[in-house]
Protein chains: 2
Amino acid sequence: MDDVELLRHRGLRVTAPRRAVLATIGRLPHATAETVLRAVREDLPTVSVQAVYDVLHALTDAGLLRRIEPAGHPARYERRVADNHHHVVCRGCGAVDDVDCAVGHAPCLTPSSTSGFTVDSAEVTYWGTCPACAGGTTPAPVHDVVAPAH
Amino acid sequence: MDDVELLRHRGLRVTAPRRAVLATIGRLPHATAETVLRAVREDLPTVSVQAVYDVLHALTDAGLLRRIEPAGHPARYERRVADNHHHVVCRGCGAVDDVDCAVGHAPCLTPSSTSGFTVDSAEVTYWGTCPACAGGTTPAPVHDVVAPAH
DNA sequence: CGTACATTCTTGAACTGTTCCAGAAACTCT
DNA sequence: AGAGTTTCTGGAACAGTTCAAGAATGTACG
């Protein structure tokens, strides 16, 4: 199913900005809104900031995109929506990459007690340093390490 | 060790705003900066916004506070820093509560492959609805459910 | 118990990422 | 093609947080 069909299938109008955003995020997974805007403007120079945000919202609501919001960094978007996977985030530059869960069934993702909350999803974020920031080419600001994984 | 000793022990000056912030977060775990500001001003009416942010930063850097930043909600602070625990966040009102991991050792928190990232911590956030929002007293805006836990 | 210096606090403005608003333009269905 | 809804543009607004300069305070030392 190509992007046009994908959009129609969700009852969304097929517009140039939407196709461009989908294509961009396909090419640049984990792109920020700003990155998307810049990339889309290479083909469609008049596209506005709002158009990009509207499109990102529409596509996210339709389930074509997944939004990642690492603390302290702008939101990022990816097209991997079917499976459940997690993310590593670089403390230095905010770079994001995918991480598949090491185990098939994750016991710790079934919380022991939820204080009466109805839980519908669990989200795991790994924090660390990406190769580029570790390499010293772009020395990352070092933050304190908090909450080690058990 | 009382709060004064705690501050001195970390080489921090003991000031009224710092003591008030510590006391407030002890009383109101998971408070936002704004909540802290309001609570502190009951005792110290002249405390400024920056004082609160500065204090929250200083105490967080010193390891006396832990900062939680749920996507789409203002940051929250807690004094439980010694152990590792996770959080449930209400999609409706942003309320946060503690969740202890169901298992002692968490296999899924050891990522399978980290694309060259050096991982120093893992963070689990459960998303759901708190009793108040579910109860209909304050009907929460319903967002789409994403990324179910496996 | 003063004094000196570094640190912290106050006030006020600025900033980033995102959203709201109104009207113009574009797309889809008939 | 025409009608009507949806989406786009442009500009302003917004929340939460941070920056900047100077005044005030806490701590260490004599």
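Model, not experiment: these values are computed from the prediction. Residue numbers start from 1 in every chain, and the chains themselves are labelled A, B, ... in the order their sequence lines are given, proteins ahead of strands.
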Helix axis bend for the helix from dC1(C)-dG30(D) to dT30(C)-dA1(D) - C1'-based end axes, five pairs, 10° rounding: 40°

Exercise: do S121(A) and R91(B) side chains pair donor with acceptor under 3.5 Å: yes

N/O donor-acceptor pair under 3.5 Å between R18(B) side chain and R13(B) backbone: yes

Spacing between E34(A) atom CD and dT18(C) atom P, to the nearest angstrom: 10 Å

Touch class at under 4.0 angstrom, heavy-atom based, for H57(A) against every strand present: sugar-phosphate

Separation of dA22(C) P from D54(A) CG (nearest whole Å): 15 Å

First encountered from the 5' end of DNA chain D, between H73(B) and R18(A): R18(A)

Sidechain N-carboxylate O distance under 4.0 Å for E78(A), R76(A): no

Short side-chain N/O contact to dT18(C) OP1/OP2 from Y53(A), under 4.0 Å: yes

Length of the CG-C1' vector between L56(A) and dT19(C), whole Å: 13 Å

Presence of T46(B) side-chain N/O under 4.0 Å of dC9(C) phosphate oxygens OP1/OP2: no

Any residue meeting ring pair (Phe, Tyr, Trp, His ring centres under 6.0 Å) with H87(A), in chain and number order, not counting sequence neighbours: H30(A), H85(A)

Sugar-phosphate only, base, or nothing, as touched by T15(B) at under 4.0 Å among non-hydrogen atoms: sugar-phosphate

Rounded distance in Å - CG (L37(B)) to C1' (dA15(D)): 15 Å

Nearest-angstrom distance from the residue atom CZ of R13(A) to C1' of dC27(C): 5 Å

Residue closer to the 5' end of DNA chain C, Q50(B) versus A16(B) (nearest nucleotide): A16(B)

Nearest-0.5 Å distance, CG of residue D97(A) to CZ of residue F117(B): 5.5 Å

Sugar-phosphate only, base, or nothing, as touched by T32(A) at under 4.0 Å among non-hydrogen atoms: nothing

Salt bridge (Lys or Arg N to Asp or Glu O under 4.0 Å) between R38(B) and E34(B), worked out: CA-CA 6 Å; R38(B) 271 212 290 267; E34(B) 210 220 318; 2.6 Å; yes

L12(B) CG - dT27(D) P separation (whole Å): 11 Å

Atom-pair distance (CZ on R8(B); C1' on dG26(D)), nearest Å: 9 Å

Sugar-phosphate only, base, or nothing, as touched by A75(B) at under 4.0 Å among non-hydrogen atoms: sugar-phosphate

Interatomic distance where CG belongs to L44(A) and C1' belongs to dT7(D) [whole Å]: 14 Å

Test item: H86(B) and T125(B) side chains (from C-beta on) under 4.5 Å apart, heavy atoms: no

